[in-house]
Amino acid sequence: MSLDMKVDGKSKNRADDLAQGILGTPMDRPEGLLKVTGEALYAAEDLPGNCTFGMLVSAPAQGDVTLSNEAEIRDMPGVLAVIHDPRMVRNAAQGTMDEAPVQGVDHAAYAGQAVALVVAESFEAARHAAQSVKLGLSGEEGPIDPQAVETEESEGNRFVRGDLDKAMASAAHTVDAVYTTPSMTSAPMEPHAAVAWWDGDKVTVRASLQMLKYNRNELADCLGIDSENVRLLSPYVGGGFGSKLGISPEAVAAAIAARELGRPVRVVLHRRQMFEVVTRRSETRQHIRLAADGDGRLTGLGHEVLVSNLPDEPFSEPVTQGTHFAYPAENRLIRKEVARIHRPAAGSVRAPGEAVGVTTFEAAMDELACAAGMDPVELRLRNIPEKDPEQGIPFSSHMLEPTLREGAERFGWFDRDPELRARREGEWWIGTGMAAAFRVNILSEAQARVRLTAGGAVVETDQTDIGTGTYAILTQIAGELLGLPADKVETRLGDTDLPPGSGSGGSWGAASTGSAVWLAAMELRQRIADAMGCDEAELTLKDGQATCGNVTQPLEEILGGESLVGHGHVKPGDALEEVMQSTYGAHFAEVAVNDVTGETRVRRMLGCFAAGRILNEKTARSQCHGGMIWGIGMALTEGVTHDRRTGRMVNRDLAEYHVPVNADVPPLEVHFVEERDPWAGPMQAKGIGELGICGAGAAVLNAIHHACGVRIRDLPATPDKVLAGLLQ
Ligand code: MOS
């Protein structure tokens, strides 16, 4: 069954009629036991016989690269090859999917870029040899500081209407602030890894990737072969967060080396390479201006941002994505500039755009609430747009108000004393803060196949599960429609021999590939109903029995010993031209700020979210927890420091780049406001993977301000910055 989402927003709400009690429940991950017992084999763990081991070599600086001691390296014990292939040094750019990355030159475009691969009989020999490689570098060095170069305007993100300067001049209340956010990294637990082997002119690569159908084309493009000759396997992925969206050097290098050696090759990035060899989130500089009337209603808003990337890279952090639709204001100035510099390639990292853009904007909204002497929740409630403020089209649904109200209620928001520095416990200032959350909802083309036999069903798609719960959710969808318990449904993922799913990116995996599974299972229901001579809507499938009206027949009899195969194919269509579609939420945080050290501890945090139908309550909650934890990191600790001379990441390990650990994270509360968005697809589910991070950091920053009166605009709010504010 195929569905083009130009359908009119009236897709039938069948999931509510079926009521089998499988979809939506907090079902455990079917592969959970394998994962916690170490039996789920990740990319680097399942080695073919005769496998060799490769280690990438990174350039310490920009420039044309030569290997000065190549012959010596080749003679080292166990070394099989030194590969310095220009195709291999490409970056994993993500601006255009399907096409190979653009930095395809025999040149290190930035310090830290992979430039060679050493292959040996053992991992240890490869590592030793890679560490012994001497590189010669020469050539012009490009700029590395985004503030020091001429920038180029990005047309795609521009929106100008009215006269913001005039609105600012005549407003009752204004905010004019510059926020900055540092480079950040995806930091998945499982490093990038690939094992490649050839069979004639066909290559198979077991890798840790998010978007197999695109990665297959990208790899084929790098290797100069037909994508039919590439098979990718990613059955388990230990976190992606964006760095694994595009094909990256370890996979390309492994494939090139395996072809050259005629043996399988494994390449794993070590933790320090995980910072520079794969893409980072761009640093941003954001000039935010807000103008409001005496009632706190926005009359003007400005969001002018600067981001960076390497020359020619198509991606630029879409910082203002949420700003375009979040709040109404007649006078608007939204623009973006890109600085072309030679720091590691910038790409998507969890909630590209909103993660940093909503966070800063929501901090600025808190500044406006303070300027207007208004409660921050009330300020948001007064600024809920009736339609998309720029395109003029309606919202498919708008759930900001219910999430704000429910979140505030559950958190006990209105008990707060609005005064700054009103609560103190010993050395600690205590305060609360809130922020709204927005993330655009995207449906992405996806296909899936469901095979039904009398004994159960098999779901097949190349979709990945990057820790998000795809195995569980797709199992539930098929189970719900076919009346099968979870243990009778087997879900097979992460293999490009299977129908192409949507891939795991942009929060769209569950709703998009899930819709394809839905349609495939619907086709099966239709065919069973036809065989029984009844309407699909009248059909009940349960425990191997099919019931239509007062006729019940065993499924086995209907199938006659055969299996029935359904195909599902969902396409985005033009629904987004008619409606603006987003997910919404509200974050609330309580922090304690130490008056002596400037240290901030988050004491409790609560998020209330709406993302259409919640397909699995447990995995959805887990996604929101993860997002909120990232928000704590963004607010308090995470940030790459670039060396001012080379652009190199100075703190390229998890000791110096601090992602929040258990000790940093208080009990997190997550609540969902269920909604049915008829435009969201046949299941009425929207993406939730990235919503939890959007704005989360702002709730923490705003709480710091409420606690101790210090407004941090240069993220993260490390103790030195907070202390400097306290001492003012
Ligand atoms: Mo996401 S940053 O689209 O993996």
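Counting starts at 1 for both ligands and their atoms, in listed order.
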If the cut-off is 4.0 Å to any non-hydrogen atom of [X], which atoms of ligand 1 fall inside it?
X: E690; result: 1 (Mo), 2 (S), 3 (O)
X: P352; result: 2 (S)
X: R350; result: 2 (S)
X: V349; result: 2 (S)
X: G505; result: 3 (O)
X: G506; result: 1 (Mo), 3 (O)
X: Q210; result: 4 (O)

* Asked: In terms of ring plane angle, is the pair F159 and H324 parallel, tilted or perpendicular, where the classes change at 30° and 60°?
  -> perpendicular
* Any idea how F361 and H303 line up, ring-wise: parallel (<30°), tilted (30 to 60°), or perpendicular (>60°)? -> tilted
* Is the F275 to H270 ring centre distance short of 6.0 Å? -> no
* **Any side-chain heavy-atom pair of E362 and F438 under 4.5 Å** => yes
* To do: Check each of T583, N441, D677 against K686 using the side chain to side chain donor-acceptor pair (under 3.5 Å) test, and report the only one that passes.
  => D677
* Please confirm whether the backbone N or O of T496 pairs with a side-chain atom of K213, one donor and one acceptor, at under 3.5 Å? => no
* Just distances here: any N/O of F241 and N/O of ligand 1 closer than 3.5 Å? -> no
